Structure formats: structure tokens, C-alpha cells
Amino acid sequence: QVQLVESGGGLVQSGGSLRLSCAASGRTFSRLSMGWFRQAPGKEREFVAGISWSFNTVFSDSVKGRFTISRDNAQNTGYLQMNSLKPEDTAVYYCAAGAYRRDAAAYEYWGQGTQVTVSS
């Protein structure tokens, strides 16, 4: 029904920026919330940001003020703009579609992830 593919990850220096994209297929995307999660080696997957179908947004405290989330339903694409990156932001970032929640269990559809590495 919905398939997601992340892109835009890479290596960036501390203080730099990256823009992640999440390309979606499926005609129900516009009525689903989109979330971004991240997972570092040896750590649990954590919520980063979410955006509802009506464009409400929510962010984790660790990224609030640094990251922004957006979506372009006409393009079937979601975005995560990451500014002022810190080494602790290093992780595999996943986009997801589902409910407007902070918990991963609320999201039915997931991308395969894109690596973000922030050097000191």
C-alpha cells in the first residue's frame, strides 16, 4: 500500500546540515502521518520528528530547534532538514508512515534507512 525509500544521508562535520528525503509510493500517503526515527549501534530506535496529514509537527527534545520536518504530498515525499548537527546525531535514520505518534509501533510502513554520520 505504501512503500518508503530514504535518501540524503552521508558524512558531515559537526555544525553542518543535511536534508533527508523520504520518497513514498501509494495513494494513501497524504492521509498518513509521517515520522522520522533514528537508531545508533547498540541503542534502541528513537523518535526524532513527526508530521501529521494536516501538517502538525512534533519533535524530540534532543532535536527541537535544530531539525525541521516537512512533506510535499504532490511529490509524495517527506523531508527532514537537519541543522547544527552534533556527533550524537550519528545514526541510521528511518522514515515511517502511520499514526501521529512518538512510538515506532504506531507506524505501519517503514523505509530501509539512510546513514548519517557527524564527525567531531
Side-chain angles (χ1 to χ4, degrees):
Q1 187 175 354
V2 176
Q3 196 161 18
L4 307 174
V5 179
E6 303 95 337
S7 63
L11 176 64
V12 64
Q13 293 188 52
S14 181
S17 298
L18 284 174
R19 182 174 180 254
L20 305 184
S21 298
C22 178
S25 62
R27 304 184 74 176
T28 61
F29 175 73
S30 63
R31 284 292 180 175
L32 294 172
S33 296
M34 186 189 73
W36 287 92
F37 293 78
R38 65 188 183 187
Q39 188 167 23
K43 297 183 179 180
E44 294 183 353
R45 187 169 299 186
E46 66 172 330
F47 173 80
V48 176
I51 182 168
S52 73
W53 65 268
S54 57
F55 300 97
N56 294 313
T57 61
V58 62
F59 299 90
S60 69
D61 290 339
S62 62
V63 306
K64 197 173 299 181
R66 299 189 296 120
F67 292 9
T68 58
I69 186 171
S70 61
R71 64 191 298 168
D72 185 339
N73 290 337
Q75 296 286 96
N76 259 12
T77 304
Y79 302 95
L80 183 69
Q81 179 66 46
M82 310 164 65
N83 300 320
S84 302
L85 283 162
K86 306 174 182 178
E88 53 261 44
D89 294 319
T90 296
V92 176
Y93 283 70
Y94 300 88
C95 67
Y100 187 56
R101 300 272 296 278
R102 291 179 177 84
D103 54 304
Y107 294 85
E108 183 177 0
Y109 307 101
W110 290 84
Q112 294 184 345
T114 185
Q115 176 71 47
V116 172
T117 303
V118 184
S119 63
S120 300

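Side chains included, hydrogens not; waters and symmetry mates left out as well; all remaining heavy atoms used. Please read these numbers as outputs of a predicted model, since none were measured by experiment. In this chain, numbering begins with 1 at the start of the sequence shown.
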Interatomic distance, [X] atom [atom1] to [Y] atom [atom2] [nearest 0.5 angstrom]:
X      : Y      : atom1 : atom2 : answer
Cys22  : Tyr109 : SG    : OH    : 13.5 Å
Trp53  : Asn73  : CH2   : CG    : 10.5 Å
Met34  : Leu4   : CE    : CG    : 9.0 Å
Arg101 : Ser33  : CZ    : OG    : 10.5 Å
Arg31  : Ser52  : CZ    : OG    : 10.0 Å

Mind listing the closest non-hydrogen atom pair of [X] and [Y] along with its distance?
X     : Y      : result
Thr77 : Ser21  : CG2-CB, 4.4 Å
Asn83 : Ser17  : OD1-OG, 2.9 Å
Tyr94 : Gly111 : CD2-O, 3.6 Å
Gly35 : Tyr107 : N-CE2, 3.5 Å
Pro87 : Ser14  : CD-OG, 3.8 Å
Leu20 : Gly9   : CD2-N, 3.6 Å

Same apolar cluster (I L V M F W Y, side chains within < 4.5 Å links), Val12/Tyr93 | yes
Not counting sequence neighbours, list each pair that qualifies as a salt bridge (charged side-chain N to carboxylate O under 4.0 Å, His left out) and has a residue in residues 2-13.
-> none
Would you tabulate the side-chain donor-acceptor contacts of residues 62-69 under 3.5 Å, counting partners in other chains and residues two or more places apart, or write 'none'?
from	atom 1	to	atom 2	distance (Å)
Ser62	OG	Arg38	NH2	3.4
Ser62	OG	Ser60	OG	3.1
Lys64	NZ	Asp61	OD1	3.2
Arg66	NH1	Ser84	O	2.9
Arg66	NH1	Asp89	OD2	2.8
Arg66	NH2	Ser62	O	2.8
Arg66	NH2	Asp89	OD1	3.0
Arg66	NH2	Asp89	OD2	3.4

Heavy atoms from other residues, nucleotides or ligands near CD of Glu88 exceed 12 (cutoff 6.0 Å) = yes
Might you confirm whether atom CD of Gln115 has over 12 heavy atoms from other residues, nucleotides or ligands at distances under 6.0 Å?
-> yes
Less than 4.5 Å apart, any side-chain heavy atom of Tyr100 and any of Ser54?
-> no
Residues Thr114, Ser7; criterion side-chain contact (heavy atoms from CB on, under 4.5 Å); working and verdict = CA-CA 6 Å; Thr114 185; Ser7 63; 5.7 Å; no
Does Tyr79 have Arg19 sitting over its ring (NZ/CZ under 6.0 Å from centre, angle to axis within 45°)?
-> yes
Look at the aromatic rings of Phe37 and Phe47 and report parallel, tilted or perpendicular, splitting at 30° and 60°.
-> perpendicular
Evaluate side-chain contact (heavy atoms from CB on, under 4.5 Å) for Asn56 paired with Val58, printing each intermediate quantity in order.
-> CA-CA 7 Å; Asn56 294 313; Val58 62; over 6 Å; no
Would you mind telling me which of Leu18, Thr90, Thr117 makes a side-chain contact (heavy atoms from CB on, under 4.5 Å) with Leu85?
-> Leu18
Within residues 30-62 or reaching into it, pairs that qualify as disulfide bond (SG atoms under 2.5 Å apart) - sequence neighbours excluded | none
